[in-house]
Protein chains: 2
Amino acid sequence: MNVNGLRAAVKKGYLDWLAASPADVVCLQEVRAVEEQLPADVWRPAGWHAAYAPAAVKGRAGVALLTRREPDAVRVGFGAEEFLGSGRYLEADLPGLTVASLYLPSGEVGTERQAEKERFMAAFLPYLVRLRERAAAAGREVLVCGDWNIAHREADLRNWRANRGNAGFLPEERAWLGRVLDPAEGGYTDVVRALHPDQEGPYSWWSYRGRAFDNDTGWRIDLLCGTPGLAGQAVKAYVERAASHAERWSDHAPVTAVFDR
Amino acid sequence: MNVNGLRAAVKKGYLDWLAASPADVVCLQEVRAVEEQLPADVWRPAGWHAAYAPAAVKGRAGVALLTRREPDAVRVGFGAEEFLGSGRYLEADLPGLTVASLYLPSGEVGTERQAEKERFMAAFLPYLVRLRERAAAAGREVLVCGDWNIAHREADLRNWRANRGNAGFLPEERAWLGRVLDPAEGGYTDVVRALHPDQEGPYSWWSYRGRAFDNDTGWRIDLLCGTPGLAGQAVKAYVERAASHAERWSDHAPVTAVFDR
DNA sequence: CATTCAATG
DNA sequence: CATTTAATG
């Protein structure tokens with residue numbers, strides 16, 4: 001769940017959502033804060049173990065993992081030196097599962113930020129493969145949750161034609177995500193899409209501009225990518241699109257999956 | 001009247017205040033906007049002629065003059081090249097009167113901004129003398145209105161002891177303002193103080209921090225400095241301290257004088 | 001269009 | 001502590 005600033009999200013209802021959540025694991029992106037900036041009951045909510053990977057630059061990025069049981073291990077970053085302090089990747093080992101919170105750079109065509117996104121993608125795919133192999137050797141499934149900032153296919157955003165040249169739906173980005181999901185390469189499964197193969201969306205992000213949310217002009221860029229063994233256990237997956245504009249506490253909505261294990 | 005951002009002031013009631021104002025001339029400081037950023041009825045209110053001197057840097061400073069009758073001439077700046085595009089000085093000729101809107105730099109001890117304030121003061125005092133002489137030769141009185149960012153005497157701020165080392169109440173700043181008001185040098189009269197010689201304040205600025213406004217912990221730094229002929233015609237002078245915090249639309253309050261001419 | 005930040009005040 | 005901008009999204 002990309003909270004678009006945890007401090008702002010708290011003011012608008014994040015804690016109510018969390019209190020009502022039945023989840024065992026919650027992955028946050030765009031926390032955009034450090035511990036000193038938030039009350040303890042936000043940073044370490046009662047009933048949860050919390051791990052954070054803040055960005056070195058104040059007010060930027062930042063990912064977190066909230067788990068009901070204490071992880072056996074927590075690791076920040078995925079090996080690429082450039083992104084170690086960028087607040088974009090955090091993983092934790094739980095019994096039989098490695099779960100990760102990912103915030104892939106959003107990019108902007110023709111800028112250095114797009115080049116950064118591409119460097120991230122280039123380094124991250126081989127890591128995903130190693131992660132899967134390592135986890136398999138340890139008897140663990142893997143679930144990488146977060147804001148991938150890429151819509152894979154035309155069904156994953158409302159206006160795919162108008163967005164063909166835009167960051168998030170570039171051919172090279174879509175191809176890269178295809179490799180992540182290719183059984184012969186990345187080997188991950190898009191859990192929500194696997195359960196809803198023929199649906200438009202469900203979208204998980206809507207621009208704040210115009211009437212994007214009201215018109216459901218959104219993108220499905222928040223993905224839960226799991227190893228096939230885990231993905232096969234998914235029995236339900238859904239996006240918590242807020243019923244009203246007043247209830248929105250981020251420009252993203254929570255994406256949830258339920259596993260029967 | 002320092003509006004602390006005309007766009008913010010509009011949202012909080014500036015236009016209501018202006019509509020109710022009986023003034024012939026209104027001097028604004030810290031407009032912090034250019035024409036394109038505001039609706040026409042704010043930038044050029046019905047019934048007023050408006051002249052602006054915006055700062056070259058976006059969102060900074062900016063002074064304005066609203067006059068019920070059209071000025072015979074409008075001039076931006078006071079001759080100092082450094083401050084020409086700084087949005088800090090604007091004057092207009094009306095029949096028998098030159099009126100100016102001034103926003104003197106606020107300064108901060110030990111910083112370049114304090115050095116800038118001092119350069120402004122050094123260049124501005126001789127200008128004030130020339131202005132008075134030129135106006136006298138043309139049969140005009142002078143009134144320089146605005147945020148001088150200096151409290152002249154102990155009665156001009158609530159906590160003068162605690163502020164002895166702070167910008168706005170430094171000995172050299174107070175001495176400089178004394179020279180502006182010295183009959184033998186600047187030759188200007190502090191119109192409000194002349195009518196209220198024995199009063200604490202009246203303050204015209206209160207910090208947004210703490211309870212400064214509620215406790216009237218303010219500063220009298222917004223001055224109307226006039227040539228003696230004009231100052232002698234002042235029959236009333238007052239600060240419109242808002243009755244409640246909700247009515248405040250700036251951290252300053254309007255300072256008004258009524259002249260019988 | 002919303003969230004941060006830094007600079008200014 | 002409020003207003004702006006800039007960068008980011």
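Just so we're clear, the structure is a prediction, and the values are computed from it rather than from any experiment. Numbered from 1 within each chain, the chains take letters A, B, ... in sequence-line order.
- Contact annotation: the side chain of B:Leu104 never approaches that of B:Arg88 to less than 4.5 Å [non-hydrogen atoms, C-beta and beyond].
- The base of D:dT8 is not paired with the side chain of A:Arg60 by any donor and acceptor separated by under 3.5 Å.
- Ion pairing of A:Arg60 with A:Glu30 is absent here, as no side-chain N (NZ or NE/NH1/NH2) approaches a carboxylate O to less than 4.0 Å.
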Task: For DNA chain C, the dot-bracket pattern of Watson-Crick and G-U pairs whose distances stay under 3.5 Å, | for other-strand partners - done: ||||.||||

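- With salt bridges taken as basic N to acidic carboxylate O contacts below 4.0 Å, one links A:Arg44 and A:Glu35.
- Of the residues in residues 209-219 of chain A, those with a non-hydrogen atom less than 4.0 angstrom from any atom of DNA chain C are A:Arg209, A:Gly210.
- Ring-centre distance between A:Phe83 and A:Phe124: not below the 6.0 Å cut-off.
- Residue A:Arg7 has a polar side-chain atom (N or O) positioned under 4.0 Å from OP1 or OP2 of C:dC5.
- When each of B:Asn2 and A:Gly5 is assigned the nucleotide of DNA chain C with its nearest heavy atom, A:Gly5 is the one assigned upstream, toward the 5' end.
- Taking for each of A:Lys58 and B:Arg32 the nucleotide of DNA chain C with the nearest heavy atom, the 5'-most of the two is the partner of A:Lys58.
- Across all strands, B:Glu116 comes closer than 4.0 Å to no nucleic acid atom at all (heavy-atom distances).
- Among the heavy atoms of the strands lying under 4.0 Å from A:Asn4 are primed sugar atoms or P, OP1, OP2 only; no base atom is included.
- Between A:Trp219 and A:Tyr203, the ring center distance fails the sub-6.0 Å criterion.
- Within the nucleic acid shown, B:Lys11 has no heavy atom closer than 4.0 Å to any nucleic acid atom.
- Centroid-to-centroid, the aromatic rings of A:Trp148 and A:Tyr103 stay 6.0 Å apart or farther.
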